[in-house]
There are 2 protein chains.
Amino acid sequence: MTTYERRQSLMDLLRKQPGLRVPEIALSLGVSEGTVRNDFNALEEDGHLTRVHGGAVLSVSSNPSNSEFGIRHQERSQEKNLIGQVAAQLVSDGDSILLDASSTAYYLALNLKERSRLRVVTNGIEIARLLAHNTSNTVILIGGVVSADGSSLTGLLSEQIIDELRIQKAFVSCSGFSVESGLTEVHLEEAQLKRKAIESARQVFALVDSRKFGHEDLTPIARPLQITHLFTDSDISDEWKAKLQLANIPFTICKEQAVLPK
Amino acid sequence: MTTYERRQSLMDLLRKQPGLRVPEIALSLGVSEGTVRNDFNALEEDGHLTRVHGGAVLSVSSNPSNSEFGIRHQERSQEKNLIGQVAAQLVSDGDSILLDASSTAYYLALNLKERSRLRVVTNGIEIARLLAHNTSNTVILIGGVVSADGSSLTGLLSEQIIDELRIQKAFVSCSGFSVESGLTEVHLEEAQLKRKAIESARQVFALVDSRKFGHEDLTPIARPLQITHLFTDSDISDEWKAKLQLANIPFTICKEQAVLPK
DNA sequence: GCAAATTTGTTGATATTTGTCAATAAGCAG
DNA sequence: CTGCTTATTGACAAATATCAACAAATTTGC
């Protein structure tokens with residue numbers, strides 16, 4: 001049995017049962033636990049599954065049962081919140097900004113609570129409600145088809161509206177990033193909207209947590225040159241730092257700046 | 001059972017009951033209380049639940065039933081729910097319907113949970129999320145400016161979209177009703193949207209709780225003739241019943257004992 | 001408001017799981 | 001066959017999970 005075949009059958013197994021455990025698989029396939037771990041890690045790298053301590057489960061994106069109401073606010077919340085904190089410093093009272101429906105943008109929005117008179121365009125429902133709560137803001141929610149998790153809006157109906165609005169600063173996330181393709185997105189509809197947004201905005205700020213580096217998804221949404229500045233977290237590898245510098249993409253690594261109290 | 005599985009089942013449990021207590025869970029899962037605490041804390045860190053002294057509850061963000069943002073469901077909720085129940089009987093699987101952002105329409109939406117393959121157009125955010133949760137539905141949320149209470153969308157951006165959609169049945173509420181002016185609305189932007197909706201819909205169903213009769217507000221949105229059918233509650237006076245009959249407006253009084261197939 | 005009861009976070013011990021590393025085996029192009 | 005890359009394995013150190021015991025913090029009962 002080749003490596004490829006083994007990994008294929010692992011995925012087949014995983015589709016039939018909720019999770020796999022390293023020792024069991026090693027035993028049933030007659031390979032060492034180390035090999036199973038290698039397989040799991042390789043498959044995770046390619047986005048086919050998600051590792052958990054002791055085994056592996058289907059990755060959240062291909063697991064429909066996991067898509068509960070607005071639940072995407074979990075993974076790497078620490079890092080995303082830091083990115084949000086730092087990016088928020090670019091927004092001043094009265095700015096016209098655009099946020100996509102990503103969870104990173106949500107954390108950014110959380111850090112905009114103190115701002116006033118913002119003019120916000122977004123397709124993220126939670127983001128819209130959060131910022132509309134401050135009555136000095138004007139929040140435009142781009143219309144469209146509601147996603148199953150009730151968190152975002154997409155669709156052709158929305159896009160023409162973006163053309164009619166003057167947006168100073170666009171904050172967009174993505175599902176993948178590479179130096180060659182820039183920002184890439186796995187969801188086609190999201191991608192269309194983001195591309196439109198990036199075109200019409202004066203400045204484009206990319207919110208890219210370190211997990212996204214190296215993944216390259218189907219649809220490119222912004223070439224490296226279109227990115228005004230990129231924000232990421234401190235888990236970024238030195239290798240990627242070098243690559244970003246070489247590609248001449250300005251970036252900021254968002255660290256815990258304040259000393260922990262006590 | 002792996003850590004992941006255990007935490008997964010904790011979340012499953014939590015969705016079925018309002019809260020979990022540490023000692024009970026420890027006993028029923030056969031782990032120590034310290035482990036349960038670890039689980040709760042980890043799940044809280046990821047935003048899946050909220051810790052309370054002695055246990056855990058579903059976090060506000062993943063709790064669909066929470067209505068932190070001022071939904072004005074309080075007043076006359078009994079009556080509005082009845083109207084919603086009865087009006088829901090007009091909706092069949094696969095229908096194309098329009099709902100406004102009123103609380104009565106929200107109660108109608110609550111009674112549409114069992115329907116499938118609906119095509120829904122609305123400017124009510126809660127309504128959109130509620131119905132989008134059923135993946136067989138297609139829910140279009142009309143874009144626009146988010147109201148301060150985060151419940152509805154209005155604005156010129158939205159209206160052209162309605163023209164492009166074929167809507168069979170429109171369910172609209174209002175803030176006032178008189179035989180002379182028909183439905184009237186106090187909010188100008190809401191009114192514009194509703195007028196547009198009424199124009200383009202095959203059938204128009206007015207959801208008018210009895211308090212609305214006799215109030216006549218600034219902007220007329222539908223003449224009596226445009227109303228296919230009117231739903232109200234049993235608090236309507238005999239005087240108004242007569243007036244409606246005289247004006248030749250078909251109407252239904254929604255009472256408790258209405259069709260209740262057990 | 002105080003004391004008892006409960007719950008919590010912490011600590012150290014133990015068991016599992018994980019990543020690393022070097023050695024070996026297997027696959028493959030020339 | 002030879003040299004090269006990749007895959008696999010066992011050994012071991014680091015990380016993680018669990019547990020029990022205990023002190024600190026919180027809630028409850030009076």
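Labels below follow one simple rule: chain letters A, B, ... track the order of the sequence lines, proteins then strands, and each chain is numbered from 1. What's counted below: heavy atoms across the whole structure, side chains too, no hydrogens, waters or symmetry copies. Please read these numbers as outputs of a predicted model, since none were measured by experiment.
If you check D:dA20, C:dT8, C:dT17 against the side chain of A:P23, the one that comes closest is C:dT17. Side-chain proximity of A:R37 to C:dT17, D:dC19, C:dT7: nearest is C:dT17. Each of D:dC19, D:dT26, D:dT16 was ranked by its minimum atom distance to the side chain of B:H53; first place goes to D:dT26. Set against C:dG9, C:dT17, C:dT18, the side chain of B:N41 has C:dG9 as its closest nucleotide. Looking at the side chain of B:T3, the nearest of the listed nucleotides D:dA20, C:dT18, D:dA17 is D:dA17. Distances from the side chain of B:R51 to the nucleotides D:dT9, C:dT8, C:dT17 place C:dT8 closest.
Along DNA chain C, the nucleotide closest to A:N38 and the one closest to A:R21 are compared, and the more 5′ of them pairs with A:R21.
In this entry the distance linking CD of A:E33 with C1' of D:dT9 reads 12 Å, nearest Å. In this structure, the CG atom of A:L27 is 13 Å from the P atom of C:dT17, given to the nearest Å. The distance from atom CG of B:D39 to atom P of D:dA17 is 9 Å, rounded to the nearest whole Å. Spacing between atom CD1 of A:I25 and atom P of C:dT17 amounts to 13 Å, rounded to whole angstrom units. Rounded to a whole Å, the CD atom of A:E45 is 12 Å from the P atom of C:dG19. The distance from atom CG of B:L43 to atom P of D:dA17 is 12 Å, rounded to the nearest whole Å. In this entry the distance linking OH of B:Y4 with P of D:dT16 reads 18 Å, nearest Å. When rounded to the nearest whole Å, the span between CG of A:L29 and C1' of D:dT9 equals 16 Å.
Among the heavy atoms of the strands, none lies under 4.0 Å from B:G34. Residue B:V52 is in sugar-phosphate contact alone, with no base atom involved, counting any heavy-atom pair closer than 4.0 Å across all strands shown.
The side chain of B:T35 contributes an N or O atom lying less than 4.0 Å from OP1 or OP2 of D:dC19.
Residues A:K169 and A:D95 are paired through a salt bridge, judged by an N-O separation under 4.0 Å between the basic side chain and the carboxylate. A salt bridge is defined here as a Lys NZ or Arg NE, NH1 or NH2 lying under 4.0 Å from an Asp or Glu carboxylate O, and A:E199 with A:K194 fails to meet this definition.
Of the possible polar contacts, one joining the A:T232 side chain to the A:V208 backbone as a donor-acceptor pair under 3.5 Å is found.
Taking the six-membered ring where tryptophan is involved, the planes of A:F177 and A:F213 are perpendicular, since the angle between them exceeds 60° and thus also 30°.
Judged by distance alone, the side chains of A:T184 and A:S181 never bring a donor and an acceptor atom under 3.5 Å apart.
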